[in-house]
**Q** 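Let me begin by handing over the structure; questions about it come next.
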Amino acid sequence: MAAPMSQAVDPAQSFPALEEEILRRWRDRDVFRQSIERRAGAEPWVFYEGPPTANGMPGSHHVLARAFKDIYPRFRTMRGYRVERKGGWDCHGLPVEIQVEKELGLHNKNDIEAYGIEAFNQKCRESVFTFLEEWDRLTERIGFWVDLEHPYRTLDASYVESVWWALKTLSEKDLLFEGHKVVPYCTRCGTALSSHEVAQGYKDVVDQSVYVKLPVTTGAGPVVAGDQLLVWTTTPWTLPSNAAVAVAPELEYVRASAAGSEEVCVLAAGLVERVLGEGAVVHETFAGETFEGARYDPPFHFIASSAWGERAHSVLPADFVTADDGTGIVHTAIAFGEDDYRLGTSAGLTVVNPVGLDGRYDERITDYAGRHVKDVDGDIVDRLRADGRLLKVDAYEHSYPHCWRCGTPLIYYAKPSWFVGTSGHRQQLLDANETIGWHPEHIKHGRFGNWLENNIDWAVSRERYWGTPLPVWRSEDGADIHVVGSLAELEELSGVKLDDPHRPFVDDVTFPHPVTGATLTRVPEVIDVWFDSGCMPFAQHHAPIDPAGQATFEDQFPAQYICEAIDQTRGWFYSLLAVNTLLFDRAPYENVVCLGHIRDENDEKMSKSKGNIVEPMPVIDQYGADAFRWYFFTSKQPWDGYRFSTDAIGEGVRLFLRQLWNTYAFLQLYRVEDVEATETELDRWVLSRLAATVEEVTERLDAFDATFAGRAIGAFVDDLSNWYVRRSRPRFFAGDPGAFATLRECLETVSRLLAPFTPFISDAIFCGLTEGDAGALDSVHLADWPVAGPRDLALEEDMAIARDAVRLGLKARGMSKIKVRQPLAEAVIVATGREREAIGAHDAMIRDELNVRALRFIDSADELGSYELKANYRALGPRFGKHMPAAAAAIAALDAGHVAAAIREGRTFGVFVDGREHELGAEDVSLVMQPLEGYEVEREGNHAVALDLTIDEDLRREGWAREVVRAVQNLRKDSGLNVGDRITLALEGDEALVAAATEWQAWIAGEVLATAMSFDGAGDGAAAGSTDVSIDGLPLHLAIRTA
RNA sequence: GGGCGAUUAGCUCAGUCGGUUAGAGCGCUUCUCUGAUAAGGAAGAGGUCCCAGGUUCGAAUCCUGGAUCGCCCA
């Protein structure tokens, strides 16, 4: 026996403490940097970090994202790729501004400008990194390896410059232009609101809804001059801006009159009663498309029809019109609604907007000029009534958006905006999407694909302060425009060298147009932060402006992998795709993992306002980062979202990490020198299972399926601990080097497989195992991914069959109420062919597990019970079709014994169904055993295990001997002896017990490490421990002393 | 209002191509085993597979409609 090489591993090791130790080691050995440098020159595998903003504390959902951002790069690094990972921070944008406004007590844009843009932006710049330290600390603590020392920051001049390059390049392709965008707008704050802000401000309000008559001047189809088109609106103030009306081409309309009225109104058929009241008379019914082109007299004449264009004040077809409410004819004011605007532009109408940014009518609306639109609603209704244009007024209760800051009702308003022309490249975007591997798959043609199908031009300008300035300079008359692509170009044009390209500094720079000489000043807008982040593949390297950065970009484009939460389909997933497809005509990423959201224990969304946020650090302090990560990886598919509870994390620790750690501690406890070893069948089995696990984990991780990969490792560790180690215990106690070598190989390989999942514990185990080896690595994260060894499929299957037999036997034991410690004479096993061979090959193991002296095989269950015959639906269903029930009945009625005999002899047999004979084979039926009285039989499928429950005196005495051993072992443990301590044992008591112990003396002594045994109870005085026990109701006194 | 997804045991989740009696872990009750383990083994209790139709010899699984929840959009 080789000398033990015990290295103390504490089975109760605190994992958080262990992780801190590993972190120190990573820092000391610079493991992250080493892991990349080892792969210098290797093929790159590229990950892009979607930048968070560090102006809020990181939460548990960030741990989720960062865990998934980490696992695949680690895996790919181990597989030999060079995976550089640059961190990044998203620095600009409205959320930052709002945060600062709150801090400074500013309420609107006027306040900001009074405070000063320079000072305000300086505050924004500081605010962005408020929680940088917390972010960095969490990132490191959870083992997310990313370069935090050289992150890209969207506020850096170099980054901004690359974004400018992108905008200039797009403008050179005629993809940057000015147009209008209808936005939710607060007239008091003078600002448009983001959809997120709008969503915060919905309130239920009661508005006046008016039904307005528009007399037809030129008929079309069934509609004739003098008919009244009925329109409905909840915003009377938009009526002076009426440009056209819209109808649904397929919908049914009528000409109808209210009871007792001569006047003919036109409206949707389904709304007649609701609008005109009971008893209305319908004159004619027709489709909407039949009166397209009819012209009408607008409700007001402040603005001439000709100002809108050719098709002003006519009936236009539109797909958004419904008969759900209103009249089925929709009043269209192009500047004041998204649908209206789309309809207007597609009909070739010009945008005329007589409402100023302050929400007041301009001089064109003479009667109401200078008044706020919402204050004019009442006057307009009065005027319509006086003009005979008003059919009726209703109160209308609906949910309407208000400014979340000041409570003012928002208006939808067409503002001049700069656009990136994505819609013209829709097909290109769709083609690029086809090249992307989405996880889960359904996003590709579902949520994301649909979004691309309906792509509209991207409004990229924002009338704000803290953002990348839009690099467009133009002359006062708007005729001359120049887009600047770099700071150098700006300097060349203007002579001004800007260190900080942000507002307000950039606003002061003017220069003459290179051709016309007109003085150009910058437009005031900054750009959408999503455009910033979409530029990240090249802007993070200052490409293409910096030649070295350009080289890096070319090396690192496109990404093989990105990962963010599902809400990024309209965010970063889109902005990345749009910017880079337009610039480079290819998708910037090849694979995406889309994460779901985390909900709390009560299945409610975590939010600051509800106060149900789970802070990550306390969880890590309690269970550790590995436990946190393992929960996210293996509890469910990440895109389904999580119902989060810290208890679930604790369960993972107990069932997996603790089990793994204890297996490792066991190995180190019995560790022997790695000498020439003989392999047993159990060794070969566990190594084959190991190979299977390597295969599966590799395959799953290649497919971005960490969940099933992790679960496969979990299943293997369970097999390793609860079968291999348990069955091999005697070999470990005996110092068998073969057992040690096998267990070591399993654990070492598991530590590699696990490295991307739980980087801390895997590293601790790996280093603990390899320490002192020649050429030992500093970390598992510098190791190569394991290569699957040979499989022995037959052996894996044999072992499964044998374990099944054990399971059935233990079940029979349980039913019989005879404890396993009591030996039985035999187990009778029903099995044939392959199964019998498998069980026979593991005879000793099964006898040991079941504690029986012999296994006896029988070919058929006839001796133990009777068969029941069942049809195999899966096999016969397609053959018998609708006669299947009859076939199943006919099979059940066959003589099971005869069929069993036929199958044993490899013959076929017949069954009479649907008027003729059908030939069946073994595959077509299953034989199920019915147990027989007298034996304890457990059956399942085609085999069964029966126990002979007769206990003779010989078996009884052996059972007693085992009870004695158990009692002594308990005593040893209670007396605080070490597992290797030798003892002398004294016992006295019931004669029969003592006789049995005497008979089994040698065996007992070996089991309990006794160098001597006496049966007189002598020497209690100097005993290390003593006890009285009762075995089968018979008394026995035990005393041990260390030898 | 539209799109996408989810709904299976008290809890967390599997469930393959449509196939016989729908599974696992946790928790609970009762046994059992123990020279690593906070572990292991066995039994029991626990199910309207969200609901309603349809297709099929056969539906947790496919189709249609609906409910509830989530996300995105309007």
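Throughout, protein chains are lettered first and strands after them, A, B, ... in sequence-line order, and every chain is numbered starting at 1.
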**Q** Looking for any heavy atom pair under 4.0 Å, which part of the strands does A:E1007 touch: base, sugar-phosphate only, or nothing?
**A**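 Answer is base: heavy atoms of A:E1007 come under 4.0 Å of a base.
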**Q** Given Watson-Crick or G-U pairs with both distances under 3.5 Å, what dot-bracket string fits RNA chain B, with | for other-strand pairs and [ ] for crossing?
**A** (((((((..((((.....[...)))).(((((.......))))).....(((((..]....)))))))))))).
**Q** Considering only the C1' atoms, how many Å lie between B:A45 and B:G27, rounded to the nearest integer?
**A** 12 Å
**Q** Check A:D924 with A:R879, please: is the shortest side-chain N to carboxylate O separation under 4.0 Å?
**A**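 So A:R879 pairs with A:D924 through a salt bridge.
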**Q** Among B:C71, B:G3, B:C26, which nucleotide has an atom closest to any side-chain atom of A:E651?
**A** B:C26
**Q** Is the distance from the ring center of A:F732 to that of A:F666 below 6.0 Å?
**A**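 Yes, they do, as the ring centres are separated by less than 6.0 Å.
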**Q** Could you go step by step and tell me if A:R726 and A:E849 meet the salt bridge (Lys or Arg N to Asp or Glu O under 4.0 Å) rule?
**A** CA-CA 11 Å; A:R726 193 163 66 76; A:E849 286 286 322; 3.3 Å; yes
**Q** Of all the choices, B:C26, B:C72, B:G35, which nucleotide is nearest to the side chain of A:F733 once you look at every atom?
**A**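 Taking heavy atoms from C-beta onward, the closest nucleotide is B:G35.
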**Q** Check the chi torsion on B:G15 and let me know: syn if it falls within 90° of 0, anti if not.
**A**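 B:G15: anti.
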**Q** Is there a side-chain polar atom (N or O) of A:R727 under 4.0 Å from OP1 or OP2 of B:U34?
**A**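 No, outside the criterion.
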**Q** Decide if the gap between the ring center of A:F644 and the ring center of A:Y631 is smaller than 6.0 angstrom.
**A**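 Centroid separation for A:F644 and A:Y631: below 6.0 Å.
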**Q** Just the rounded figure in Å: distance from C1' of B:A6 to NZ of A:K636.
**A** 8 Å
**Q** In terms of the nearest nucleotide of RNA chain B, which residue is placed more toward the 5' end: A:L1009 or A:Q637?
**A**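 Here A:Q637 is the residue nearer the 5' end.
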**Q** Report the nucleotide, chosen from B:U34, B:C72, B:C26, that has the shortest atom-to-atom distance to any side-chain atom of A:D567.
**A**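 It is B:C72.
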**Q** Return no unless some side-chain N or O of A:R643 is found under 4.0 Å from OP1 or OP2 of B:U12.
**A** yes
**Q** So, is A:R821 near the phosphate of B:C33, with a side-chain N or O under 4.0 Å from OP1 or OP2?
**A**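 Checking B:C33 against A:R821, a side-chain N or O does come within under 4.0 Å of OP1 or OP2.
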**Q** Using atom CD1 of A:I443 as one end and atom C1' of B:G3 as the other, report the distance to the nearest whole Å.
**A** 12 Å
**Q** How close or far is atom C1' of B:A36 from atom CG of A:D10, stated in whole angstroms?
**A**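 Answer to the nearest Å: 12 Å.
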**Q** Do you see a donor-acceptor pair shorter than 3.5 Å between the side chains of A:S209 and A:W232?
**A** yes
**Q** Between B:C26 and B:C71, how many Å separate the two C1' atoms, rounded to a whole number?
**A**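 Between the two C1' atoms, the distance is 29 Å.
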**Q** I want to confirm an ordering. Mapping A:D339 and A:G1006 to their closest nucleotides on RNA chain B, which one lands closer to the 5' end?
**A** A:G1006
**Q** Please give the distance between the C1' atoms of B:A42 and B:G47 as a whole number of Å.
**A**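 One C1' to the other, the span is 23 Å.
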**Q** Any side-chain donor paired with an acceptor under 3.5 Å for A:Q822 and A:N851?
**A**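 Absent: no donor and acceptor within the cut-off.
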**Q** Measure from the side-chain heavy atoms of A:R447 and tell me the nearest of B:A38, B:C72, B:U37.
**A**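 Between B:A38, B:C72, B:U37, the one nearest the side chain of A:R447 would be B:C72.
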**Q** Using a cut-off of strictly less than 4.0 Å, decide whether A:Q969 has a side-chain nitrogen or oxygen near OP1 or OP2 of B:G35.
**A** yes
**Q** Heavy atoms under 4.0 Å, any strand shown: does A:A871 hit a base, just sugar-phosphate, or nothing?
**A**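 Base, at least one base heavy atom under 4.0 Å.
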**Q** Provide the closest heavy-atom pair for A:E453 versus A:R426 in the form atom of the first, atom of the second, distance.
**A** O-CD, 3.3 Å
**Q** Given B:A38, B:U34, B:G25, which nucleotide is nearest the side-chain atoms of A:L655?
**A** B:G25
**Q** Taking atom P in both B:U21 and B:G58, compute the distance separating them and give it to the nearest angstrom.
**A**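 That atom pair is separated by 14 Å.
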**Q** Any donor-acceptor pair under 3.5 Å between the side chain of A:R599 and the base of B:C69?
**A** no
**Q** Using a cut-off of 4.0 Å on non-hydrogen atoms, how would the nucleic acid contact of A:R972 be classed: base, sugar-phosphate, or nothing?
**A** nothing
**Q** Tell me: CH2 of A:W438 to P of B:C4, nearest whole Å?
**A** 16 Å
**Q** Tell me whether the OP1 or OP2 atom of B:G35 has a side-chain N or O from A:R729 closer than 4.0 Å.
**A**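 No, because none of the side-chain N or O atoms of A:R729 sits under 4.0 Å from OP1 or OP2 of B:G35.
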**Q** Just compare B:G5, B:G70, B:C26 and give me whichever is closest to any side-chain atom of A:H442.
**A** B:G5
**Q** Rounding to an integer number of Å, can you tell me how far A:N455 CG sits from B:A74 P?
**A** 13 Å
**Q** Base, sugar-phosphate, or nothing: which does A:V725 touch, judged by heavy atoms less than 4.0 Å apart?
**A**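 Touches a base.
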**Q** To the nearest Å, give me how far apart CZ (A:R342) and P (B:A74) are.
**A**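 Between P of B:A74 and CZ of A:R342: 10 Å.
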**Q** Please confirm whether A:R654 makes a cation-pi placement over A:Y623, using NZ or CZ under 6.0 Å from the six-membered ring centre and within 45° of the ring normal.
**A** no
**Q** I'd like a list of close polar pairs between nucleotides 15-19 of chain B and the protein, N/O only, cut-off under 3.5 Å.
**A**
none

**Q** If you measure from the C1' atom in B:G46 to the same atom in B:C11, how many Å do you get, rounded?
**A** 12 Å
**Q** In whole Å, measure the gap between the C1' atoms of B:G23 and B:C31 for me.
**A** 23 Å
**Q** Determine whether the aromatic ring centres of residues A:Y642 and A:F632 are separated by less than 6.0 angstrom.
**A** yes
**Q** Using atom CD of A:E849 as one end and atom P of B:A42 as the other, report the distance to the nearest whole Å.
**A** 11 Å
**Q** When the ring centroid of A:W458 is compared with that of A:Y574, is the distance short of 6.0 Å?
**A** yes
**Q** Contact class for A:L667 (heavy atom, under 4.0 Å): base, sugar-phosphate, or nothing?
**A** nothing
**Q** The criterion is side chain to side chain donor-acceptor pair (under 3.5 Å); which residues satisfy it with A:E958, sequence neighbours excluded?
**A** A:R853
**Q** For B:C49 versus B:G10, give the span between their P atoms, rounded off to a whole number of Å.
**A** 12 Å
**Q** Among the nucleotides B:A38, B:C71, B:C13, which one has an atom lying closest to any side-chain atom of A:I566?
**A**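 My answer, after comparing the listed nucleotides, is B:C71.
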**Q** Would you say the side chains of A:N433 and A:W438 form a donor-acceptor pair under 3.5 Å?
**A** yes
**Q** What is the distance, rounded to the nearest whole Å, between atom CD of A:Q822 and atom P of B:U32?
**A** 14 Å
**Q** For the ring pair A:Y664 and A:W661, is the centre-to-centre distance below 6.0 Å?
**A** yes
**Q** Taking atom C1' in both B:U7 and B:G66, compute the distance separating them and give it to the nearest angstrom.
**A**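 It works out to 14 Å between them.
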**Q** Base, sugar-phosphate, or nothing: which does A:S635 touch, judged by heavy atoms less than 4.0 Å apart?
**A**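 Sugar-phosphate contact only - A:S635 comes under 4.0 Å of backbone atoms but never of a base.
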